[in-house]
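Data block below; observations after.
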Protein chains: 2
Amino acid sequence: MMKVLIVEDDPLHRSYLNEAVRAALPECDTVIEAENGGVGEKLARENKSAHIVMDLQMSPRNGIEAARTIWKERPDTRILFWSNYADEAYVRGISRIVPEGAAYGYVLKSASDDRLRLALRSIFIESQCVIDREVRGLQQKSLGHANGFTDSEYEILVDIALGLTDRAIARRRNLSLRSVQNRLQQLYEKLEVYQPVGEDSEEGRFNLRARAVTVAFLRKLLNYSSLERAEAELSEWLQAR
Amino acid sequence: MMKVLIVEDDPLHRSYLNEAVRAALPECDTVIEAENGGVGEKLARENKSAHIVMDLQMSPRNGIEAARTIWKERPDTRILFWSNYADEAYVRGISRIVPEGAAYGYVLKSASDDRLRLALRSIFIESQCVIDREVRGLQQKSLGHANGFTDSEYEILVDIALGLTDRAIARRRNLSLRSVQNRLQQLYEKLEVYQPVGEDSEEGRFNLRARAVTVAFLRKLLNYSSLERAEAELSEWLQAR
DNA sequence: AGATTTTGTGCGGGTTCCCGCAAGTTGCGT
DNA sequence: ACGCAACTTGCGGGAACCCGCACAAAATCT
């Protein structure tokens with residue numbers, strides 16, 4: 001009747017998920033397991049109607065990459081992301097690839113069994129999106145830009161994190177040099193990095209560009225997997241020139 | 001007879017460890033559990049003779065921070081680190097704090113039950129160090145500096161990752177400005193970052209300083225927790241001035 | 001449509017960074 | 001002790017970055 005595909009690298013978590021799925025969805029007769037994104041993509045292709053619950057942070061090929069190719073092939077696939085962390089980097093990565101009107105979910109591993117059960121049923125049966133509170137909070141902030149970052153600011157953040165020069169960024173994004181520097185100013189302001197002008201002796205000065213990247217990391221605006229993705233996109237762009 | 005303290009934030013992994021410990025060490029009569037580094041420190045203090053197996057990557061207070069304070073109080077405590085990753089950043093972090101002649105271990109979560117059992121017995125009964133192969137490899141490279149980084153290179157890597165200027169680094173490490181820049185040159189060379197001198201048109205130029213940090217991240221020379229620690233040390237130093 | 005807020009560009013100058021050249025210092029082996 | 005390697009420091013210049021001031025273009029509001 002219903003097939004569910006589990007993509008999760010940790011064996012303990014995988015078997016826990018398996019049990020949870022069977023308990024929450026009696027109408028589900030088959031549960032398939034994959035231990036990383038690559039295998040996950042393959043199994044998703046082979047079992048056309050599979051609904052998916054998967055981890056982010058696997059290797060090789062993490063959950064976001066896998067989701068992107070899966071959704072590209074079948075945009076109506078329902079995916080529940082089940083992750084340890086609610087980094088803004090993940091949230092942005094996902095909301096960038098979720099297809100129009102697709103049903104998906106994001107629940108944290110720290111959630112109760114009940115929350116997980118509810119999410120499974122809502123998404124797979126009711127086609128409703130279920131986003132964990134904490135994750136929800138981040139989404140609001142990003143969009144409402146009360147204290148959040150616009151896409152263009154985020155874009156430039158990624159570019160300096162990759163180590164590009166202003167000039168290179170300008171070429172890549174089709175902007176003038178000055179515009180790039182302008183955006184950098186905005187970014188520095190929002191990240192609250194600046195020279196702590198120790199007026200008398202030269203005080204603990206920061207290299208704003210490098211400092212911004214660090215602060216973004218500490219605030220989980222960036223994380224390893226977002227860097228990895230960005231790096232891949234960059235080298236792709238470098239090929240095409 | 002013997003007490004073992006488990007410090008691990010994931011409930012599934014925690015109960016798995018609990019079972020593994022009981023199975024591997026019949027001479028152990030009490031197993032205590034803590035769900036983060038802070039609680040771990042407290043329980044270690046209260047149960048003086050406890051042997052410890054713990055995760056890195058917890059919050060608040062990760063395994064390295066917890067180990068440092070525990071070893072500071074009782075340097076003969078035996079600790080087995082049980083982690084998902086073998087980042088060089090972790091390996092360096094640990095080997096910096098392990099006391100003279102202390103017995104400790106580092107096994108990956110992906111290791112077999114048998115490996116874990118063996119490690120538990122070797123460390124807690126025989127007082128022998130047990131380091132997983134992959135982790136071992138990193139240690140060699142760091143020290144033998146065949147392709148590894150000396151401490152001073154690593155130090156300056158951390159400093160630019162924090163976003164300090166050359167001048168600030170010079171003050172912090174008591175060096176001249178030029179020396180700092182010299183070390184940066186070495187670092188760039190070892191990380192293989194350089195200007196891809198596109199002789200005709202200005203080619204994909206990099207800001208070496210920022211690029212070096214990114215490359216270090218992708219190579220797992222740095223990770224979130226190492227940045228976190230470095231940031232704490234920095235603000236401490238800024239206080240003392 | 002007109003006003004108001006964004007967002008993109010140009011110019012200019014003060015800093016910081018990247019790095020070649022060269023000389024002094026320290027450490028280590030044989 | 002001598003020599004060779006590795007590390008530190010100074011000087012100098014060209015490039016890149018940080019950023020204030022000023023003005024066009026585009027998007028948004030009323």
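Order of the sequence lines sets the chain letters (A, B, ...), proteins ahead of strands, with each chain counted from 1. Because the structure is predicted, anything quoted here is derived from the model rather than measured.
Near-neighbour residues of DNA chain C inside residues 176-185 of chain A, defined by a heavy atom below 4.0 Å, number-ordered: A:Ser176, A:Arg178, A:Ser179, A:Asn182, A:Arg183.
For the pair A:Arg167 CZ and C:dC18 P, the interatomic distance rounds to 16 Å; values are reported in whole Å. Remark: P of D:dA6 and NZ of B:Lys190 are 11 Å apart, rounded to the nearest angstrom. Distance A:Ile169 CD1 to D:dC17 C1': 11 Å, rounded to the nearest Å. Taking atom CD of residue B:Glu155 and atom C1' of nucleotide D:dT8, one finds them 15 Å apart after rounding to whole Å. Separating the CG atom of B:Leu187 from the P atom of C:dC18 is a distance of 11 Å, rounded to the nearest angstrom. Nucleotide C:dG20 holds its P atom 10 Å from the CD atom of B:Glu189, rounded to whole Å. Rounded to whole Å, the distance from CD1 on B:Ile156 to C1' on C:dC18 is 13 Å. In this structure, CZ of A:Arg209 is placed 18 Å from P of D:dA15, rounded to the nearest angstrom.
By the 30° and 60° cut-offs, the orientation of the rings of B:Phe217 relative to A:Phe217 is parallel.
Remark: A:Glu134 CD is loosely packed, at most 12 non-hydrogen atoms of other residues, nucleotides or ligands lying under 6.0 Å away.
Nearest-nucleotide mapping onto DNA chain C: of B:Asp166 and A:Glu153, the residue sitting toward the 5' end is A:Glu153.
The side chain of A:Leu208 lies closest to D:dC19, out of D:dA16, D:dT8, D:dC19.
Of the possible polar contacts, none joining the A:Ser226 side chain to the A:Leu222 backbone as a donor-acceptor pair under 3.5 Å is found.
Note on A:Arg211 versus B:Glu231: salt bridge recorded, some NZ/NE/NH1/NH2 to OD/OE distance being below 4.0 Å. Ion pairing between B:Asp132 and B:Arg115 holds under the 4.0 Å rule for side-chain N and carboxylate O.
A side-chain hydrogen bond (donor to acceptor under 3.5 Å, both in side chains) with A:Glu73 holds for exactly one of A:Arg68, A:Lys48, A:Arg45; it is A:Arg45.
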